[in-house]
Chemist: 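Before I ask anything, let me first share the structure, which is written out below as structure tokens.
The shown structure was predicted, so the numbers you read here are calculated from the model rather than taken from an experiment.
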Amino acid sequence: MEPTKKWAAIFIAFIKANQSLLVAYILNVLVFSFIYVLGRLPVYFLLFSIELSLFLGSCLFMFQFSKYYKKFRLLERLDKDPIGTLEQLPASQDINEVFWRLKIIKLIEENQQIEKKNLQRSSSQMDYFTLWLHQIKTPISAISLLIQRDSQTKFSYQMEQELLQIENYTHMALNYLKIEQSGSVLDFEQVSLDRVIKETVKKFSILFIYNRIQLDYQETAAVVLSDEKWLRVLVEQIISNGLKYTSEGGVIRIYMSPKKDQQLIIEDTGIGIRSEDLPRIFERGYSGFNGRIHEKSTGLGLFLSQEITKRLGHDLSIESTLGKGTKVTIDLARKPLIKDY
């Protein structure tokens, strides 16, 4: 708020808070004036009395306004240090104000205790799930080695596919925990977009082959300023979603937008998203109609993707037609970074 507007707002608030005293003062001046008129006293006595009254009233007004302004400035710090601010307020003779002040301090202390307990509980849960997710990698790696040793097994392709899905879900959960933690470090550098895409496609190659999904990839030759690790996670989530909801014989296309620079488009010919679900697809835990019907959605993939794009300063948008497919656009142009990582 501008200083002038702020002063005006404080002054108006002060007037409203003391309007009964102002009304009493004006009535007092009118009564004395009426008495002077009835008594037919000299006019200069009346003028002198009004001037003296105005002078004393102005002094009292300025004194009270000064106290009011100091109290207001103290209360401005209420968000940063609520208990300390309330304790610094001048002592009041009004028993009601004293009671409410003590009540507020007690409520603030109780709220701080609850927040502390919730923070400790959240930290413990975060530590446990992080430990579990790291430990689960060991049996996943062991199963992967066993499959590689006995690749001639009848269901080896199916097992490899399911193992890849387990790894993908595990990494998604781990990345979700990391992105939720404050203080996540981002390492910005010039990143080859083609390298990120190729490594991701290679990771999911078994799903492309087994489900007979075609890949139409046009090399981008683009170099973008981003965090390579998180950019790879973002691309993985989008391609994984495309593979999940694209049936056998479908196509996934990856190319740069011909209309705008630094826009990567990942498009599939899958089942698409209902128009009524589109406004909510980035909400945490929202799986939509398709996710509930096909029981494939965790409701975290697109939420995680949106959070990553915000932290990287990019932009993510999705267009979809039910039964025809989904088009995901990642705008890799730089935007101001959000402040909560």
Chemist: Run the numbers on F14 and F61 for ring-ring contact (aromatic ring centres under 6.0 Å, His included), then give the verdict.
Modeler: CA-CA 10 Å; F14 173 75; F61 179 87; 5.1 Å; yes
Chemist: Hey, does D194 have a side-chain heavy atom less than 4.5 Å from the side chain of Y217?
Modeler: yes
Chemist: According to ring-ring contact (aromatic ring centres under 6.0 Å, His included), who are the partners of F204, at least two apart in sequence or on a separate chain?
Modeler: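 Partners of F204 under the ring-ring contact (aromatic ring centres under 6.0 Å, His included) test: none.
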Chemist: Of all the heavy-atom pairs spanning G325 and S320, show the shortest one and how long it is.
Modeler: O-OG, 3.0 Å
Chemist: Determine whether I318 and L278 make a side-chain contact, defined as any pair of heavy atoms from C-beta on separated by less than 4.5 Å.
Modeler: yes
Chemist: Is there a path of hydrophobic side-chain contacts, each under 4.5 Å between heavy atoms, that joins I238 and F282?
Modeler: yes
Chemist: Which pair of non-hydrogen atoms, one from R311 and one from F188, has the smallest distance, and what is that distance?
Modeler: O-CZ, 4.2 Å
Chemist: To the nearest 0.5 Å, what is the distance between OG1 on T329 and CG on L332?
Modeler: 10.5 Å
Chemist: Locate the shortest heavy-atom distance separating H314 from S226; write the atom from each residue and the value.
Modeler: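 Reported closest heavy-atom pair: NE2-OG, 3.1 Å.
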Chemist: Does atom CG (N118) have a neighbourhood of more than 12 heavy atoms from anything else shown, all under 6.0 Å?
Modeler: yes
Chemist: Any side-chain heavy-atom pair from I197 and T220 closer than 4.5 angstrom?
Modeler: yes
Chemist: I'd like to know if E267 pairs up with K327 as an ion pair, taking the criterion as any Lys NZ or Arg NE/NH1/NH2 lying under 4.0 Å from an Asp or Glu carboxylate oxygen.
Modeler: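 A salt bridge is absent here (no side-chain N lies under 4.0 Å from a carboxylate O).
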Chemist: For F48, is the CZ atom crowded, meaning more than 12 foreign heavy atoms sit under 6.0 Å from it?
Modeler: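 No - once you tally the heavy atoms of other residues, nucleotides and ligands closer than 6.0 Å, there are 12 at most.
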Chemist: Please determine whether a side-chain nitrogen of the Lys or Arg among R284 and E307 lies less than 4.0 Å from a carboxylate oxygen of the Asp or Glu.
Modeler: no
Chemist: Got a second to check how far I265's CD1 is from R253's CZ, nearest 0.5 Å?
Modeler: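 Taking CD1 in I265 and CZ in R253, the distance rounds to 11.5 Å.
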Chemist: Taking the side chain from T269 and the backbone from V251, do they hold a donor-acceptor pair closer than 3.5 Å?
Modeler: yes
Chemist: Using the side chain to side chain contact (heavy atoms under 4.5 Å, CB included) rule, take D216 and Q214 through it: C-alpha gap first, then chi angles, then the decisive distance, then the call.
Modeler: CA-CA 7 Å; D216 180 4; Q214 299 178 44; over 6 Å; no
Chemist: Shortest non-hydrogen contact from R232 to V196?
Modeler: CA-CG1, 3.7 Å
Chemist: Salt-bridge test for E199 and K203: reply yes if a basic N is under 4.0 Å from a carboxylate O, no otherwise.
Modeler: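 Looking at E199 and K203, the cut-off is not met.
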Chemist: Is L234 reachable from M256 through a run of hydrophobic residues whose side-chain heavy atoms are each under 4.5 Å from the next?
Modeler: yes
Chemist: With a 4.5 Å heavy-atom cut-off, do L322 and I271 have their side chains touching?
Modeler: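 No, every pair of side-chain atoms sits at 4.5 Å or beyond.
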Chemist: Ignoring hydrogens and angles, tell me if any N or O in the side chain of S240 forms a donor-acceptor pair with the backbone of Q237 under 3.5 Å.
Modeler: no
Chemist: Which distance, rounded to the nearest 0.5 Å, do you find between the CZ of R280 and the CG of L302?
Modeler: 13.5 Å
Chemist: Atom CE of M62 and atom CG of L60: how far apart are they, to the nearest 0.5 Å?
Modeler: 11.5 Å
Chemist: With a 4.5 Å cut-off on side-chain heavy-atom distances among I, L, V, M, F, W and Y, is there a chain of contacts connecting I26 to V31?
Modeler: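 Not linked; separate clusters.
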Chemist: State, with a plain yes or no, whether a side-chain heavy atom of Q190 is found less than 4.5 Å away from one of L225.
Modeler: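 Q190 vs L225: side chains touch.
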Chemist: Is it the case that the side chain of D268 and the backbone of I252 share a donor-acceptor pair, with hydrogens and angles ignored and the cut-off at 3.5 Å?
Modeler: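 Pair absent, no side-chain N/O of D268 close to backbone of I252.
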Chemist: Quick one: does T200's side chain have a donor or acceptor within less than 3.5 Å of a partner on E236's backbone?
Modeler: no
Chemist: Side chains of D331 and K260, heavy atoms from C-beta outward: is any pair under 4.5 Å?
Modeler: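 Answer yes - side chains close enough.
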Chemist: Could you tell me whether a side-chain N or O of N211 sits under 3.5 Å from a main-chain N or O of I213, the two making a donor and an acceptor?
Modeler: no
Chemist: Calculate, to the nearest 0.5 Å, the distance between atoms CZ and CG belonging to F208 and L215 respectively.
Modeler: 4.5 Å
Chemist: Are Y255 and E219 close enough that a side-chain donor and a side-chain acceptor fall under 3.5 Å?
Modeler: no
Chemist: Under the 3.5 angstrom rule, does the side chain of T309 hit a backbone N or O of S305 as a donor-acceptor pair?
Modeler: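 Yes, the answer is positive, given that a donor and an acceptor are paired below the 3.5 Å cut-off.
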Chemist: May I ask whether I35 and L27 are part of the same hydrophobic cluster, defined by side-chain heavy atoms of I, L, V, M, F, W, Y residues being less than 4.5 angstrom apart, directly or through others?
Modeler: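 No, I35 does not connect to L27 through the hydrophobic network.
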Chemist: Can any side-chain N or O of Y25 pair as donor or acceptor with the backbone N or O of S53 at less than 3.5 Å?
Modeler: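 Yes, the answer is positive, given that a donor and an acceptor are paired below the 3.5 Å cut-off.
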Chemist: Indicate if V201 and I206 have the same hydrophobic cluster label, given that clusters are the connected sets of ILVMFWY residues with side-chain heavy-atom separations under 4.5 angstrom.
Modeler: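 Yes, same cluster.
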Chemist: State, with a plain yes or no, whether a side-chain heavy atom of K229 is found less than 4.5 Å away from one of D187.
Modeler: no
Chemist: Assess the residue pair L264 and I254 against the criterion (side chain to side chain contact (heavy atoms under 4.5 Å, CB included)); give the C-alpha distance rounded to whole Å, side-chain angles, the decisive distance to 0.1 Å, and a yes or no.
Modeler: CA-CA 7 Å; L264 176 66; I254 305 174; 3.9 Å; yes
Chemist: Would you name the heavy atoms of W230 and I308 that are closest together and state the gap between them?
Modeler: O-CG2, 3.6 Å
Chemist: Supply the atom-to-atom distance L231 CG to E189 CD, rounded to the nearest 0.5 angstrom.
Modeler: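 Interatomic distance, L231 CG to E189 CD, rounded to 0.5 Å: 10.5 Å.
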Chemist: Residues sharing L38's hydrophobic cluster, by side-chain heavy-atom contacts under 4.5 Å among ILVMFWY, directly or via others?
Modeler: F34
